[in-house]
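Remarks on the structure that follows.
Only this structure's heavy atoms are used, side chains among them; waters, hydrogens and symmetry mates stay out. From a predicted model like this one, the values you see are computed outputs, not experimental measurements.
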Amino acid sequence: MNDQSSIKAIVFSAGGDQYGIKLLELISIEKAEGITRVPNASEMILGIVSIRGQLLPVIDTGKFLKGKPCAMTDQTRLLVCRQEHGNMALAVEQASDLIEVEERNIDRAISSATNSYQDGVISLASGLMTLVKAKSIADEIKIVNKQ
């Protein structure tokens with residue numbers, strides 16, 4: 001595939017559905033350990049976690065994307081995402097694959113009509129996958145203060 005016309009994404013599950021996030025938005029994938037609950041935080045925020053000496057907010061993707069909490073199991077992972085005003089971690093039920101998709105195979109018409117955090121829909125052999133944007137998730141939860 002031509003690098004200019006394709007993207008690489010990590011496939012993850014939340015609330016029983018498949019989602020993806022561009023590899024370029026990620027710093028690392030970590031086990032979901034050491035999350036400390038923050039009093040009076042939004043219900044979308046599981047808490048904070050220290051990863052390599054940096055305190056990061058942890059977003060419950062199940063609660064954000066599907067309205068029900070992410071199932072915390074041995075398969076639960078934290079997708080550590082780059083953010084301009086401070087990084088964050090997305091708690092996902094499972095991070096399963098790294099895929100490469102041609103840009104022309106991403107249906108952006110569906111996502112633009114629904115939610116700002118959606119970047120398109122991709123058809124995989126296992127079903128449909130919604131591509132999400134970490135920055136838009138952070139903006140919607142108001143982790144990042146708009147200036």
How long is the gap from [atom1] on [X] to [atom2] on [Y], to the nearest 0.5 Å?
| X | Y | atom1 | atom2 | result |
| --- | --- | --- | --- | --- |
| Ile122 | Ile106 | CD1 | CD1 | 4.5 Å |
| Thr76 | Glu33 | OG1 | CD | 10.5 Å |
| Asp119 | Lys133 | CG | NZ | 5.0 Å |
| Leu78 | Met88 | CG | CE | 11.5 Å |
| Ile45 | Ile59 | CD1 | CD1 | 5.0 Å |
| Ser96 | Arg77 | OG | CZ | 11.5 Å |

Is [Y] reachable from [X] through a run of hydrophobic residues whose side-chain heavy atoms are each under 4.5 Å from the next?
| X | Y | result |
| --- | --- | --- |
| Ile21 | Val92 | yes |
| Ile51 | Ile137 | no |
| Ile27 | Leu23 | no |
| Phe64 | Leu79 | yes |

Between Val80 and Leu56, is the side chain to side chain contact (heavy atoms under 4.5 Å, CB included) condition met? List the steps. CA-CA 9 Å; Val80 181; Leu56 304 173; 3.7 Å; yes

Do you know which two heavy atoms are closest between [X] and [Y], and how far apart they sit?
| X | Y | result |
| --- | --- | --- |
| Leu46 | Ala91 | CD1-CB, 3.5 Å |
| Asn87 | Pro57 | O-CD, 3.5 Å |
| Gln83 | Ala138 | OE1-CB, 3.7 Å |
| Lys22 | Ile7 | CG-CD1, 4.2 Å |
| Cys70 | Asp60 | N-OD1, 2.9 Å |
| Met72 | Ala32 | CE-CB, 4.1 Å |

Quick one: do the Glu100 and Ser6 side chains pair a donor with an acceptor below 3.5 Å? yes

Distance-only side-chain donor-acceptor flag, Glu30 / Ser28, under 3.5 Å: yes

Which Ile, Leu, Val, Met, Phe, Trp or Tyr residues join Leu55 in one cluster when any pair of side-chain heavy atoms under 4.5 Å counts as a link? Val38, Ile48

Any ring-ring contact (aromatic ring centres under 6.0 Å, His included) involving residues 15-47? Give me the pairs, sequence neighbours left out, ordered by first then second residue. Phe12-Tyr19

Applying side chain to side chain donor-acceptor pair (under 3.5 Å), name anything that partners Thr73, two or more places apart in sequence or on another chain. none

Do side-chain atoms of Gln75 reach the backbone of Glu93 as a donor and acceptor pair under 3.5 angstrom? no

